[in-house]
Structures are given as C-alpha cells and as structure tokens.
Amino acid sequence: MTQPTSVPRNDFIRDIIDDDLKTNKHAGRVATRFPPEPNGYIHIGHAKSVCLNFGLAAQYQGTCNLRLDDTDPLGESMEYVESIIRDVHWLGFDWRDRLFYASDYFERLYQFAVELIKLGDAYVCDLNADEVRERRGNFTEPGQDSPYRNRSVDENLDLFARMRAGEFEDGSHTVRAKIDMASPFIVMRDPVIYRIKREPHYRTGSDWVIYPMYDFAHCLSDALEGITHSICTLEFENNRPLYDWFVERLIPAGKRPNQIEFARLNLSYTVLSKRRLIELVKKGYVNGWDDPRMPTVTGMRRRGYTPEAIRNFCAAIGVAKNDNLIDVALLEHCVREDLNEKAPRAMCVLNPLRVVIDNYPEGQVEAFEFANHPQQPEMGTRQVPFSRVLYIERDDFMEDPPKKYHRLGPGREVRLRNAYVIKYESMVKDETGEVIELHCTYDPQTRDAAPADGRKVQGVIHWVSAEHCVPAEARLYDRLFSIQDPGKEEEFLQFLNPDSLEILTTCYAEPSLKDADLGSRYQFERLGYFGVDAKDSSGDKLVFNRIVPLRDSWGKLASGEKK
RNA sequence: UGGGGCGUCGUCAAGCGGUAAGACACAGGAUUUUGGUUCCUGCAUUCGGAGGUUCGAAUCCUCCCGCCCCAGCCA
C-alpha cells in the first residue's frame, strides 16, 4: 500500500508539532490516530480526518493508528468495522499492525477508574439521568453537588465493583469524576465516566454491563497507544479541559497526549451528519450505504470517484479552524482533473435517434481504430465499427435549432466523432410528429481530414453503429439534495431533490465496451463522465454511473448548451 | 444568558509589523475531430466595524458587531 504524498495543508497543526518537536515534548515522536466509532460508514468528512492524521504521520515519519472507538454498544457492529477498514485502505492508507479497539481497553479503563476513585477524584452516584440533569445547572447558574459526592473511597470502590458485577439496574448508578459543579465548562460539572448499560457489545458480548464514556475512554486510549497529537473536530474544544484533567491525574508527565481541534468538513448540497445518513439508509431513501448518491467513501467509490481525487480534494480544502461550507464544485473539479488524465474515452448513446447514411453502401462495415485517449497515445486504441445505420444522441439533432447550436439540423452538417462529416437530407416522423429517423449523406473524403473545399464544420457528435452496438444498463444519478446547505436544516428530508431518483435506462455503447474491465472508469465523450461498477453489474451488462454531475439537469448535460 | 472558539474575494485558504499567495467558481480570448482538455487574460487599493499605537497594521492594543460549539448515563 502506497502512502499518498499529497497531504492536506495543515499549517497551524504543523506549527504545534514543530514546536513540540523543538521542546522535545514527546521525545521526538509523532503519533496520531484515526478513531471512528463503528456505528456507520465513513464519509468524505471522515476522509478529511484520515488524510490529515495519516498525512501528518507520514510527513513526520511517525505513526498513525486506526482505532475503533467502540465504547457505546448501541448501534455498533462488525459490519461497520469491516467497512471502515475497507474504506480507509481503499483511500490508500496503511496502519500496518496498528489496528486497535477501545473495547480492548475495557479492563484497563476500569482500572483507571478504580485509580481515580482511590485518588478521591471520582465517586459512585445514585442519581438517575433526570436527577443529574436537574442538578447540572445551566449556562448562567452553577450546578449542585450530588448528595453522593462525598462517599468514602472504600464505599465507592465497593459500589463500583458491584456495578460491574451487575447488581444494579441500568441507569441507576454512575461513576462521576469529582471536579467542579460550578465550572463554566459544563462538561467539567462532575461528568459521568461510567454508565450501566445491559446492551450486548458486538465484540465483548455480555462481558460488561458498564461502559466508559467518551471523555474518559478517549484520552486514556490515546495515552495507552502512545498517541502524541490527538486530532479531533472543533466541537470537542469544550472537552479539552476534561481531556487534560484525566490525563494529568492518570498518566505520567511526558507520556501525555495533547488534543488539537480543526474544523470538520461541510460540503454544499451534501448531508454529512452520520445520524442523518443512517436515517437515509434505514428509511430506504437510498439503496444502502454504498448508493452512489451517498457521500460515503463507498458510495463515492461506486460512483467512480478515485482515491487520488478524494485525497487531492482533502489537500485542496486545507485544515483550519474556520467553519466552512466547501463548494461541491471543488470536489467535482478534483474528480474531473484525475479522471481526465486516466479515464479511457468511449462513445455511448443514452437516448438514441436512428440515422441512415443514404450514400453509404448497404452491408458495408468499416472497422475504425480509435485512440483511447486524445492526449495519451500510450493508452492504446480500440476497434469501432461504422456502418450505414447509426444511432446518435437525440439531443444532437434539432428541427429548429437556436443560433449557437452547432450540431445537426435541417440543412446542416456535423462531424461524427473520429469518422465522417455527414449532411442532413431528410427526417421521418411518426404519427405523433416525433422525429424517429434521419436521413443523411456522408462525405467520404472527410474521414481523417477537413472538408476539401475548406468549409467549416464546427459540431462534433458521438455515434454508435446500430447493428453492432451493445445495450447496457445505465444508472443516472443527480445530487441528492436541492439546497446548498441541507446539513443545517432540521427537516433535511424535505430537501431531497426529486431529480435525484435513480434513473435506470438502456444505453447503447460501442462493442469494445462489452469486454470492458468492470470496475474501471470511462469518460463518455460528449456525455460527461461515467463509472463502470463491477459490484452492481449482472451478467454481461454494463452499468454506468454518472461521475461528475454537471450543474444542470440531464437534458442539458447531453445538449451541453450554454445558457 | 456564563464559557469555549472563529471572522482575509462568491467558496475554501496563505499571511505571524514592511505595504494582500494559491485553488475552486466566474468572465473574456487562443488552440481543439469531445461545446472536453490545454493555453493565455481578468477577478480583494483591502482583510467584520470603529478607534488607538507605529515611519509603516490583515498582522499589536481597546471597544463594538456577527457566526459556531457546550446544559446525552452519544461520540
């Protein structure tokens, strides 16, 4: 597995690390970690964190662990763990043997809590959740001490052991850190560090009925793994005093990790809230976590995005502390930039219109050899048959074309890509008045040359031989949400774009695509980009996903008209 | 409302007292057998606002304004 060279800009974090290195704070080490909770699939927002953490480690010749932060059994599963492992690998990062689970630390975390109790810094509280909330105070008023706050160490130790042994009901007791009920940091008002929860854990089963809370588990897990820089998102800034509080009490100086926060990714027209993505999947608005409309890593993979493109995107957006709403156009730019270079070209007709070349010999077939890429001859060539009857894109003909339209219409000429210039002769309509067939003539001299008389033919359209083309299943997707920032809206489902419905249609591809390498990507000239996805293909059918959505609707995409 | 953060082009983002990088987007133009690509060109006299310090301020000070986060036994 290659470690990507493109890392996000991360100046302010680099400054911190450089400073720590200078003062020899962590004995010259740089150790980071990517710590997702396995309660969903990772998305483009996680990718930013992955690139940052692994990128920083690579930049400083340090290490980056993959840690599953599985301290709340509710909603966590092995399926999610496996998806995370797969997706981080796919993105191009390698943690070698540094795969960890917070759940592997349950015993050690328990011992840390015992130690904290012995220090007199934690106690067992008999208040239930409602009672705790009532006594927490609010932004302007301090909270009140729990009546159980001053139990003896021995009593606390005994109670905690009995919590672990399952003697108490769920929610009846907690272990709380004894800090300050009047702290302006709400999180410091005697936070719960252990709760009773009879929920089977996907890894530890029913071994435990008590589970550590994030604030307690995370910092200590970092310390246990020797993490030096624990990078998380901005909303944890308020938790940093608590992070430090635990670490200062339980971890020797010199081995204490530091938390650094950066702004999470927000993408226009995209929902990145895990809670909401789960809702989209569970309620069936999409076909699953890997639906090409999902902003998940696996969804983007099925849509034809490349790991390189995603990494470049993460590098391009930078890392800072400003709240942001990145224009999805930047993501699409990165995808285009990468695919433009590596995607072989092909022709395909989505909405066919039959064209008969009247002066082309009946039964004749020419096998043209086309370059797979206009700028990269090393990508080779392919054979494409040309014959008397072709299909062209319906939008490439207009009965009454506007001024700037330079494709086919009455009295017009157009070039068939890589082949001849053809001239319109007549059209055939059905009883409803719809054009169902065009008759044209071709100019045999124009195969690899401009018209001899110097006349200009501006339009170039794609085509496929009716007799030889292969039908394929095309899946067309538009963006899921219609407003720029659905992530900010409570009722985000009402902003589902009606045009985002999966469109299944038959397209007609050139025959060379029958042997297409499923899983690879093609750019369909004059159509935009499509990916070919192996996972969803059946038999010898081809499945195309639109990779880069153009701004407008599908109709405009095919016609490509400006304004 | 108390606290924690953040405010530089439409969107991101450099800048760290010496006179506003870059990217995307957008607008022109050139090349082009993809209306693609590529290639030029343009795009913040100004850094949330107002004062102040200084020869000099986006950078330092003061006040004000705006946005985000925190009152889960979620992470």
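Note that these values count all heavy atoms, side chains included, but never hydrogens, waters or copies made by symmetry. All chains are named by letter (A, B, ...) in the order of the sequence lines, taking the proteins before the strands, and each is independently numbered beginning at 1.
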**OP:** Could you say whether Gly137(A) or Glu525(A) is positioned toward the 5' end of RNA chain B, judged by the nucleotide with the nearest heavy atom to each?
**Re:** Glu525(A)
**OP:** Find the distance Gln484(A):CD to C12(B):C1' and express it as a whole number of Å.
**Re:** 12 Å
**OP:** Hunt down the Watson-Crick or G-U wobble partner of U19(B), both distances under 3.5 Å, from any strand shown, or write none.
**Re:** none
Subject >> Contact under 4.0 Å: Asn322(A) side-chain N or O vs G7(B) OP1/OP2 >> reply: yes
**OP:** Considering only atom P, compute the distance from A23(B) to C63(B) and round it to an integer number of Å.
**Re:** 39 Å
Original post:
Taking only side-chain nitrogens and oxygens of Arg195(A), does any of them come within less than 4.0 Å of OP1 or OP2 of G72(B)?
Top reply: no
Original post:
Mind checking who A25(B) pairs with, Watson-Crick or G-U wobble, both distances under 3.5 Å?
Top reply: none
**OP:** Examine C73(B): is either OP1 or OP2 under 4.0 Å from a nitrogen or oxygen in the side chain of Arg136(A)? Give yes or no.
**Re:** yes
**OP:** Please state the C1' separation for the pair C6(B) and U45(B) - nearest whole angstrom.
**Re:** 26 Å
Subject >> Mutual orientation of the aromatic rings belonging to Tyr41(A) and Tyr80(A) [parallel < 30°, tilted 30-60°, perpendicular > 60°] >> reply: perpendicular
**OP:** Using whole Å, report how far CD of Glu332(A) lies from P of U11(B).
**Re:** 18 Å
Subject >> Spacing of the C1' atoms in U1(B) and C9(B) (rounded, Å) >> reply: 36 Å
Original post:
Using the P atom in both, what is the distance from A21(B) to C67(B), to the nearest Å?
Top reply: 31 Å
Subject >> Parallel, tilted or perpendicular, as decided by the 30° and 60° cut-offs, for the rings of Phe34(A) and His46(A) >> reply: perpendicular
Original post:
Nearest to the side chain of Val192(A), which nucleotide is it out of C73(B), G5(B), U33(B)?
Top reply: C73(B)
Original post:
Roughly how far apart, to the nearest Å, are G42(B) and G7(B) at atom C1'?
Top reply: 28 Å
Original post:
With respect to the side chain of Pro184(A), which nucleotide from C73(B), A75(B), G3(B) is positioned closest?
Top reply: G3(B)
Original post:
Is any NZ, NE, NH1 or NH2 atom of the basic residue among Arg203(A) and Asp104(A) found under 4.0 Å from an Asp or Glu carboxylate oxygen of the other?
Top reply: yes
Original post:
Just wondering, are more than 12 heavy atoms of other shown residues or ligands nearer than 6.0 Å to NZ in Lys197(A)?
Top reply: yes
Original post:
Counting side-chain heavy atoms from CB outward, which of C12(B), C16(B), U1(B) is closest to Ile326(A)?
Top reply: C12(B)
Original post:
Taking the same atom, P, in U32(B) and in C26(B), what whole-Å distance lies between them?
Top reply: 24 Å
Original post:
Going by an N to O cut-off under 4.0 Å, is there a salt bridge joining Glu261(A) and Arg240(A)?
Top reply: yes
Subject >> Between C73(B) and G10(B) - C1' atom distance, rounded Å >> reply: 45 Å
**OP:** Look at Lys321(A) and G7(B) and indicate whether a side-chain polar atom (N or O) is within less than 4.0 Å of OP1 or OP2.
**Re:** no
**OP:** Please report, rounded to the nearest Å, how far the C1' atom of G36(B) is from the CG atom of Asp338(A).
**Re:** 16 Å
Original post:
Is the shortest side-chain N/O distance from Ser268(A) to OP1 or OP2 of U11(B) below 4.0 Å?
Top reply: no
Subject >> Neighbour count above 12 (heavy atom, 6.0 Å) for Gln458(A) CD >> reply: no
Original post:
Does Tyr214(A) lie flat on the base of A75(B), that is, centres under 5.5 Å apart and planes under 30° off?
Top reply: no
Subject >> Given C12(B), U37(B), G5(B), the nucleotide with the shortest approach to the side chain of Gln375(A) >> reply: U37(B)
Original post:
Taking CG from Asp11(A) and C1' from C12(B), how many angstroms apart are they, rounded to a whole number?
Top reply: 14 Å
Original post:
Mind checking the P distance from U41(B) to G4(B)? Whole angstroms is fine.
Top reply: 48 Å
Original post:
Of all the nucleotides listed (A14(B), G35(B), A75(B)), which has the minimum atom distance to the side chain of Ala320(A)?
Top reply: A14(B)
Original post:
If pairing requires Watson-Crick or G-U wobble contacts with both distances under 3.5 Å, which nucleotide is the partner of U54(B)?
Top reply: none
Original post:
Arg336(A) side chain N/O closer than 4.0 Å to the phosphate oxygens (OP1, OP2) of G36(B)?
Top reply: no
**OP:** Ignoring backbone atoms, test whether Arg526(A) places a side-chain nitrogen or oxygen under 4.0 Å from the OP1 or OP2 oxygen of G35(B).
**Re:** yes
**OP:** Taking only Lys NZ, Arg NE, NH1 and NH2, and the carboxylate oxygens of Asp or Glu, determine whether Glu131(A) and Arg136(A) approach each other closer than 4.0 Å.
**Re:** no
**OP:** Can you figure out which of A75(B), G4(B), A71(B) approaches the side chain of Glu37(A) most closely?
**Re:** A75(B)
Original post:
Atom CZ of Phe185(A) and atom C1' of C69(B): how far apart are they, to the nearest Å?
Top reply: 12 Å
Original post:
Roughly how many Å is it from CG in Asn266(A) to C1' in C69(B), rounded to a whole number?
Top reply: 13 Å
Subject >> G35(B) phosphate, OP1 or OP2, under 4.0 Å from His406(A) side-chain N/O >> reply: no
Subject >> Rounded distance in Å - NE2 (His46(A)) to P (A75(B)) >> reply: 14 Å
**OP:** Go through C73(B), A75(B), A71(B) for me and flag the one nearest to the Asn138(A) side chain.
**Re:** A71(B)
Subject >> Nucleotide nearest Met213(A) when distance is taken to its side chain, options G5(B), C24(B), C74(B) >> reply: C74(B)
Original post:
Has the side chain of Asn238(A) got a donor or acceptor atom sitting under 3.5 Å from an opposite partner on the base of C69(B)?
Top reply: yes
Subject >> d(CG, Leu74(A); P, A75(B)) in whole Å >> reply: 10 Å
Subject >> For U38(B), the Watson-Crick or wobble counterpart (both distances under 3.5 Å) >> reply: A30(B)
Subject >> Of the listed nucleotides C74(B), U33(B), C69(B), the one nearest the side chain of Asp72(A) >> reply: C74(B)
Original post:
Taking NZ, NE, NH1 and NH2 as the nitrogens, is one of them in Asp180(A) or Arg189(A) under 4.0 Å from a carboxylate oxygen of the other?
Top reply: no
Subject >> Nucleotide paired to C63(B) in any strand shown, Watson-Crick or G-U, under 3.5 Å >> reply: G49(B)
**OP:** Return the nucleotide paired to G72(B): Watson-Crick means purine N1 to pyrimidine N3 with N6-O4 or O6-N4, wobble means G-U with N1-O2 and O6-N3, both under 3.5 Å.
**Re:** none
**OP:** Check whether the side chain of Arg407(A) and the base of G35(B) form a donor-acceptor pair under 3.5 Å.
**Re:** yes
Original post:
Relative to each other, are the rings of Phe246(A) and Phe216(A) parallel, tilted or perpendicular (30° and 60° limits)?
Top reply: perpendicular
